[in-house]
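To start, the structure itself, in structure tokens.
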Amino acid sequence: VERAHLVAVIVNLAQNADSRSTALRCADGRFMMRLKLPNGVTTSEQTRYLASVIEAYGKEGCADVTTRQNWQIRGVTLPDVPAILDGLNAVGLTSLQSGMDNVRNPVGNPLAGIDPDEIVDTRSYTNLLSSYITSNFQGNPTITNLPRKWNVCVIGSHDLYEHPHINDLAYMPAVKGGKFGFNLLVGGFISPKRWEEALPLDAWVPGDDIIPVCKAVLEAYRDLGTRGNRQKTRMMWLIDELVSLHSSTPLTELRMSQCSYQLIAVLALQGMEAFRSEVEKRMPNGVLERAAPDDLIDKKWQRRDYLGVHPQKQEGMSYVGLHVPVGRVQAADMFELARLADEYGSGELRLTVEQNIVIPNVKNEKVEALLAEPLLQKFSPQPSLLLKGLVACTGNQFCGQAIIETKQRALLVTSQVEKLVSVPRAVRMHWTGCPNSCGQVQVADIGFMGCLTKDSTGKIVEAADIFVGGRVGSDSHLAGAYKKSVPCDELAPIVADILVERFGAVRREREEDEE
């Protein structure tokens with residue numbers, strides 16, 4: 001009866017849907033479906049099923065690898081949703097609690113279990129988190145109405161591929177009393193008006209018991225978090241509000257004032273301690289251990305490139321990282337990826353937060369044949385230095401909140417810049433269509449945030465605010481705005497200048513002269 005009612009509701013919505021009925025860009029009643037894919041691990045069978053879904057929609061159907069190691073499939077029509085959900089369930093997937101004010105996809109090390117230098121295999125932990133979040137695909141109503149979306153990750157390597165500094169909860173591997181576990185960071189986020197790095201909670205949990213603290217943090221956020229202005233409802237805002245217990249001035253105002261960093265740091269620590277006490281109250285036994293003195297991350301570690309061919313910890317095996325330009329794939333691409341995973345690997349694919357794909361468990365004697373496959377001309381294991389770090393959100397092709405088109409624009413501007421300069425190393429460039437920053441421009445070396453401006457003739461055109469100086473890894477840093485409201489058609493020479501001034505690039509004409 002409940003299922004029949006659900007189908008009736010969905011069909012009714014479809015019959016009455018128009019472009020004004022949703023915040024997402026709903027062209028002709030078409031929608032996006034986001035999945036739960038803990039650790040970004042998926043199978044060839046699952047990939048084939050998703051390919052079959054978008055193939056049915058012809059040119060309207062496609063899929064994106066997202067910045068949370070996830071798939072988004074596009075072109076979905078509402079009457080098809082019940083059958084698609086059945087199909088997802090049949091291959092071990094779900095879209096349950098994947099959007100709105102829910103816990104988003106748990107992120108882990110894309111090289112988990114195959115990396116010779118990993119600290120811990122994150123797959124079991126992200127699977128546990130996903131099982132708790134969705135109550136084993138049955139739905140977990142206790143955490144489906146949070147004040148805002150909430151991100152979690154488990155760190156498995158020194159490379160910090162998971163970007164812990166922009167997650168609401170990050171598990172950092174650490175040993176205490178001879179036992180393996182995790183120190184915790186909390187509060188990292190990016191939003192239109194504010195972005196902050198995660199801070200230590202001064203807490204440690206044993207590796208075999210990670211769910212209770214996740215539950216306690218979520219319940220503290222659910223119970224105490226603000227539900228008014230949605231620009232001020234991420235979890236770090238709650239931590240800041242708890243500073244008011246110790247100061248008459250909100251911490252957000254102090255951050256913007258001339259107060260000393262020392263004072264702000266003291267008050268932030270007090271606010272975090274207050275938040276910690278709320279979390280501790282919600283632990284099963286009312287106790288939350290203090291953090292281990294140090295985590296296991298090597299702070300001097302040079303972040304490795306996972307694109308290309310690399311040896312696994314398993315003797316005679318390699319993984320092959322493929323660059324997927326701005327994360328966009330078509331049905332034919334997905335069918336081919338599934339075939340390659342079966343023919344050359346173990347039937348498994350790994351998605352990354354940089355919108356790329358890793359094929360693990362390739363026998364060394366098969367590597368050469370894999371590299372000769374036609375699909376690898378499109379999804380190259382050796383992209384150019386500017387392409388390999390290119391990330392772009394959905395953009396206004398499909399998203400109603402995006403101000404500009406991002407994916408094709410990102411590729412175009414990168415191509416233009418490559419004609420102007422050559423770079424000595426990879427430079428990460430991220431594009432986001434609006435201030436919500438799903439493309440995470442603040443973590444990029446160079447970021448582009450969509451906006452509108454007037455060109456030299458007074459015509460309103462697509463433009464971007466440029467961000468410079470973001471970093472990932474142990475010395476992470478969130479970038480600020482460098483130059484605002486630059487028409488997109490004028491970006492290439494400005495980006496070339498930035499690359500020369502800050503990233504050691506050489507102008508092509510100079511390079512040619514020297515030759």
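Sequence positions, counted from 1, serve as the residue numbers for this chain.
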Would you indicate whether Lys299, at its atom NZ, is surrounded by more than 12 heavy atoms from other residues, nucleotides or ligands within a distance under 6.0 Å?
yes
With a 6.0 Å cut-off (strictly less than), is the heavy-atom count around NZ of Lys313, excluding the residue itself, greater than 12?
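Counting neighbours around NZ of Lys313, more than 12 heavy atoms of other residues, nucleotides or ligands fall under 6.0 Å, so yes.
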Output side-chain donor-acceptor pairs under 3.5 Å for residues 163-174, partner residues at least two apart or in another chain, one line each.
unit_1	atom_1	unit_2	atom_2	d
Asn167	OD1	Arg68	NH1	3.4
Asn167	OD1	Arg68	NH2	3.1
Asn167	OD1	Val152	N	3.3
Asn167	ND2	His163	O	2.9
Asp168	OD2	Asn151	N	2.7
Asp168	OD2	Arg234	NH2	2.9
Tyr171	OH	Ile210	O	2.9

Do you know the tightest heavy-atom contact between Ala83 and Tyr49?
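Nearest pair, atom of Ala83 first, then Tyr49: O-OH, 3.8 Å.
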Closest approach of Tyr221 and Leu238, non-hydrogen atoms and distance?
CA-CD2, 3.9 Å
Test: side-chain hydrogen bond (donor to acceptor under 3.5 Å, both in side chains). Region: residues 103-116. Which pairs qualify, not counting sequence neighbours?
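Non-adjacent pairs meeting side-chain hydrogen bond (donor to acceptor under 3.5 Å, both in side chains): Asp115-Arg304.
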The complete set of side-chain hydrogen bond (donor to acceptor under 3.5 Å, both in side chains) pairs with one or both residues in residues 93-103, sequence neighbours excluded, reads Asp101-Arg230
Carboxylate-amine/guanidinium proximity below 4.0 Å for [X] and [Y]:
X: Asp121; Y: Arg123; answer: yes
X: Asp445; Y: Arg471; answer: no
X: Arg290; Y: Glu273; answer: yes

Does either side chain, that of Glu197 or that of Ser476, offer a donor lying less than 3.5 Å from an acceptor on the other one?
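Result is yes, a qualifying pair exists.
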Would you say the side-chain atoms of Gln72 and Arg74 include a donor-acceptor pair closer than 3.5 Å?
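Judged by distance alone, the side chains do pair up.
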With sequence neighbours left out, what residues match Lys215 under side chain to side chain contact (heavy atoms under 4.5 Å, CB included)?
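Lys215: side chain to side chain contact (heavy atoms under 4.5 Å, CB included) contacts with Tyr132, Glu219.
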Just jot down the salt bridge (Lys or Arg N to Asp or Glu O under 4.0 Å) partners of Glu278, sequence neighbours excluded, or say none.
Lys281, Arg282
Working to the nearest 0.5 Å, report the span between CH2 of Trp71 and CZ of Arg34.
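The distance works out to 15.0 Å.
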Under the ring pair (Phe, Tyr, Trp, His ring centres under 6.0 Å) rule, collect the residues that match up with Phe180, sequence neighbours excluded.
Phe182
